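Below you'll find the structure, written out as structure tokens, and then a few comments.
For reference, positions follow the sequence shown, starting with 1. If you're wondering where the values come from, they're calculated on a predicted model, not measured in any experiment. Each ligand, and each atom within it, is numbered from 1 in the order the structure gives.
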Amino acid sequence: MVITIRRGTMSDYLGMQKSNLYCLPENYHMKFYIYHGTCWPELSWVAEDPQGRIVGYVLSKLEDEGPSTTPNAVTHGHITSVAVLRSCRGNGIATKLMTQATREMRGLGAKFCSLHVRESNKAARHLYTETMGFTVHNVEKKYYADGEDAYDCRLDLDKAE
Ligand SMILES: CC(C)(COP(=O)(O)OP(=O)(O)OC[C@H]1O[C@@H](n2cnc3c(N)ncnc32)[C@H](O)[C@@H]1OP(=O)(O)O)[C@@H](O)C(=O)NCCC(=O)NCCS
């Protein structure tokens, strides 16, 4: 099946939200997708099947570390959410979505990319640390609503693909 990887636009938000509901317990209101897409249009990417169905997405943003008014505030990217429908997994789609998002972040001046991942999420941890080169920066205890710890991971964008 030919899957197209492209930037997400306003007409994709519903498909992204649907994919998110299928794949993850962390779900968001439509305004959250609109906020990301409006503020950082370069940082939302989707995977589309030949029927025009959204089968995967990455939603990401820029953040400032330290008060943005201080001269040495470091801009970094943050992956808010990424998911691929179960039937399409294992084909490199998440890797492509993540690579596009992190490239764009670097283009926007981000020095590193951060994200959180559940300790138990082996597939995502493999994707981030083995495939993409993220390292574990910190463990945030009971980060998730159900009490699970999060790995706070970072990718140095100067060294990324
Ligand atoms: C995590 C997820 C996005 C990966 O999507 P994907 O398109 O299957 O990932 P890719 O095909 O790009 O695979 C990337 C790497 O992860 C590995 N991988 C994929 N699924 C795996 C699994 N279940 N267990 C171990 N490794 C796995 C692949 O083998 C590949 O490794 P390689 O680069 O060494 O060959 C997908 O499983 C998913 O949507 N999960 C539910 C949502 C989720 O957990 N999102 C992340 C929240 S932090």
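The Thr95 neighbourhood of ligand 1 comprises atoms 10 (P), 12 (O), 13 (O), 14 (C), with distances under 4.0 Å to a heavy atom of that residue. Of all atoms in ligand 1, listed by their number and element, those nearer than 4.0 Å to a heavy atom of Gly90 are 6 (P), 8 (O), 11 (O). Residue contact check: His116 has heavy atoms under 4.0 Å from atoms 48 (S) of ligand 1. Near Ala124, with a cut-off below 4.0 Å to any heavy atom, the atoms of ligand 1 are 1 (C), 46 (C). The distance from ligand 1 to the heavy atoms of Asn91 drops below 4.0 Å at these ligand atoms: 11 (O). Within ligand 1, the atoms closer than 4.0 Å to a non-hydrogen atom of Thr131 are 14 (C), 15 (C), 30 (C), 31 (O), 32 (P), 33 (O), 34 (O), numbered from 1 in the order shown. Distances below 4.0 Å separate heavy atoms of Cys23 from the following atoms of ligand 1: 41 (C), 42 (C). Counting the atoms of ligand 1 from 1 in the order shown, those under 4.0 Å from a heavy atom of Asn121 are 43 (C), 44 (O), 46 (C), 47 (C).
Taking the six-membered ring for Trp and thresholds of 30 and 60 degrees, Phe32 and Tyr35 have ring planes inclined between 30 and 60 degrees apart. Phe112 and His76 have parallel rings, their planes meeting at less than 30° on a 0 to 90° scale where 60° marks the start of perpendicular.
The closest side-chain heavy-atom distance from Tyr144 to Arg118 is below 4.5 Å. Side-chain atoms of Glu104 and Arg7, non-hydrogen and from C-beta on, do get closer than 4.5 Å to each other. Inter-residue side-chain proximity for Leu108 and Glu42 is flagged as met; some heavy-atom pair is nearer than 4.5 Å.
Scanning the protein for heavy atoms near atom 22 (C) of ligand 1, the closest one is Ala123 CB, 3.4 Å. The protein atom (non-hydrogen) at minimum distance from atom 7 (O) of ligand 1 is Ala94 N, 3.0 Å. For atom 34 (O) of ligand 1, the closest non-hydrogen atom on the protein side is His126 NE2, 2.8 Å. With respect to atom 11 (O) of ligand 1, the closest heavy atom belonging to the protein is Gly92 N, 2.7 Å. The protein non-hydrogen atom at the shortest distance from atom 45 (N) of ligand 1 is Val82 O, 2.8 Å. Among protein heavy atoms, the minimum distance from atom 37 (O) of ligand 1 is reached at Arg89 CD, 3.4 Å.
Side chain of Asn91 to main chain of Ile93: no donor-acceptor pair is present (N/O by atom type, distance under 3.5 Å, no hydrogens or angles). Although no hydrogens or angles enter the test, the distance criterion places a donor-acceptor pair under 3.5 Å between the side chain of Arg125 and the main chain of Glu119. Judged purely by atom type and a 3.5 angstrom limit, Asn20 uses its side chain to pair as donor or acceptor with the backbone of Glu26.
Residue Tyr128 places no N or O, backbone or side chain, under 3.5 Å from any N or O of ligand 1. Between Ala83 and ligand 1, no N or O atom pair is found at a separation short of 3.5 Å.
In summary, the side chains of Tyr151 and His116 do not present any donor paired with an acceptor at a separation below 3.5 Å, with no hydrogens or angles considered. Side-chain contact check for Asp12 and Tyr57: no donor-acceptor pair (N or O, by modelled atom type) lies under 3.5 Å. Using a 3.5 Å distance cut-off with no hydrogens or angles, the side chains of His78 and Ser114 do pair a donor with an acceptor.
For atom 39 (O) of ligand 1, the protein comes within 4.0 Å by at least one heavy atom. Distance screen at 4.0 Å: atom 29 (O) of ligand 1 has no protein heavy-atom neighbour inside the cut-off.
Salt-bridge formation is detected for the pair Lys61/Glu63: a Lys NZ or Arg NE/NH1/NH2 atom is positioned less than 4.0 Å from an Asp or Glu carboxylate oxygen.
Proximity annotation for atom 47 (C) of ligand 1: of Leu24, Val117, Leu115, Thr80, Leu24 comes nearest, heavy atoms only.
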